[in-house]
Structures are given as C-alpha cells and as structure tokens.
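It should be emphasised that the depicted structure is a prediction, and the values quoted were computed from it without experimental measurement.
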Amino acid sequence: MSETSFIVLGLLERLEPATPYDLKQMAQLSTFNFWSVPHTQIYTECARLADAGMLSEEHEQTGRRRRIYRLTASGRKELAGWRATLPRSPTSCATRRP
C-alpha cells in the first residue's frame, strides 16, 4: 500500500459513495497542499484498490456510466491499521471514526 492508496481510502471514507472525479475534487480542496498527484492516478488507484478488495465498485448502466466506489470491510480495516501507526500528538490532524 502506498501513500496514494491511503489518501484515496481516507477521502473515500469521507465522501462515499464517490466517483474518482469526486475524489479528485476533494483532493484539490484538502490534500493538494502536501500531496500533488495527477488526477489520472486517482482513477488508476481506485481501480487497483477495487481489484485488491479494498473498494466495491458499481457501474452506472446509463448516462455517463461512471464508476462509483465504496470502502469494503477490508478497506476500512487497512485504513484503521494505517492510522494506528501514525504518531499521536496534540497537533495531529489524524482522526478516528467510531
């Protein structure tokens, strides 16, 4: 798992369900100050995480035929495990969800 993987999982946790475009838009508002990634990498990473079982993927049958992603239990577990390794300090911006 890469830094990109965890950022995609974290963004998706906040937005789900979401398309890669939704994640790109949120990344521009929240993470681009410290994480600059081509938007195509977000699309690629979503597909890779879905193949790994971390995300579920739904295809729209009509219209733009977008791919809509949600975290799976495996994705939530991986994200929680990563968060547990982060240093804890009063200035830490890492949060835990119940």
Side-chain angles (χ1 to χ4, degrees):
M1 296 285 287
S2 68
E3 181 179 273
T4 300
S5 303
F6 291 114
I7 291 173
V8 167
L9 290 174
L11 289 172
L12 189 56
E13 179 184 50
R14 297 291 181 202
L15 294 175
E16 72 180 317
T19 66
Y21 180 81
D22 297 331
L23 298 176
K24 178 186 83 84
Q25 294 294 94
M26 178 57 92
Q28 286 179 326
L29 296 173
S30 62
T31 62
F32 272 21
N33 289 328
F34 60 89
W35 177 68
S36 179
V37 64
H39 72 275
T40 56
Q41 189 174 355
I42 294 173
Y43 286 80
T44 304
E45 191 63 21
C46 286
R48 192 183 75 71
L49 290 169
D51 287 344
M54 306 275 175
L55 305 180
S56 66
E57 182 179 5
E58 176 186 331
H59 296 262
E60 286 184 336
Q61 299 302 314
T62 61
R64 297 169 65 193
R65 300 184 186 263
R66 295 177 292 184
R67 295 171 188 245
I68 302 166
Y69 293 96
R70 289 180 174 79
L71 286 174
T72 63
S74 178
R76 289 183 197 286
K77 183 178 178 182
E78 190 72 31
L79 185 58
W82 174 74
R83 283 187 178 137
T85 68
L86 297 175
R88 304 303 286 170
S89 73
T91 59
S92 175
C93 63
T95 59
R96 295 180 189 257
R97 291 182 78 180

Atom pair [atom1] ([X]) and [atom2] ([Y]), whose distance is rounded to the nearest 0.5 Å:
X: Leu12; Y: Leu79; atom1: CG; atom2: CG; result: 9.5 Å
X: Leu9; Y: Arg83; atom1: CG; atom2: CZ; result: 9.0 Å
X: Arg14; Y: Leu71; atom1: CZ; atom2: CG; result: 11.0 Å
X: Lys24; Y: Gln41; atom1: NZ; atom2: CD; result: 14.0 Å

Review point. Mind checking what makes side chain to side chain contact (heavy atoms under 4.5 Å, CB included) contact with Arg70, not counting sequence neighbours?
Key: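 Per chain and number, Arg70 pairs via side chain to side chain contact (heavy atoms under 4.5 Å, CB included) with Glu16, Pro17, Ser56, Glu58, Ile68.
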
Study note, to complete from the structure: Those residues at least two apart in sequence (or on a different chain) that pass side chain to side chain contact (heavy atoms under 4.5 Å, CB included) with Ser2 are Thr4, Ser5, Glu45

Point to revise | ILVMFWY cluster, Ile7 and Leu15 together (side-chain gap under 4.5 Å) | key: yes

Point to revise | Thr72 side chain to Gly53 backbone, donor-acceptor under 3.5 Å | key: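 Looks like yes, one N/O pair under 3.5 Å.
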
Exercise for review: Look only at the side chain of Asp51 and the backbone of Arg48, and say whether a donor-acceptor pair between them is shorter than 3.5 Å.
Suggested key: no

Check your understanding: Looking only at heavy atoms, what is the nearest atom pair of Cys46 and Leu23, with distance?
Key -> SG-CD1, 3.5 Å

Review point. Under 4.5 Å between any side-chain heavy atoms of Met1 and Leu49, yes or no?
Key: yes

Check your understanding: Under the ring-ring contact (aromatic ring centres under 6.0 Å, His included) rule, what pairs show up with a residue in residues 60-86, not counting sequence neighbours?
Key -> Phe6-Trp82

Point to revise | Residues which pass ring pair (Phe, Tyr, Trp, His ring centres under 6.0 Å) with Tyr21, listed by chain and number, not counting sequence neighbours | key: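 Listed in chain order: nothing, the list is empty.
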
Review point. Excluding sequence neighbours, so at least two apart, what forms side-chain hydrogen bond (donor to acceptor under 3.5 Å, both in side chains) with Glu78?
Key: none

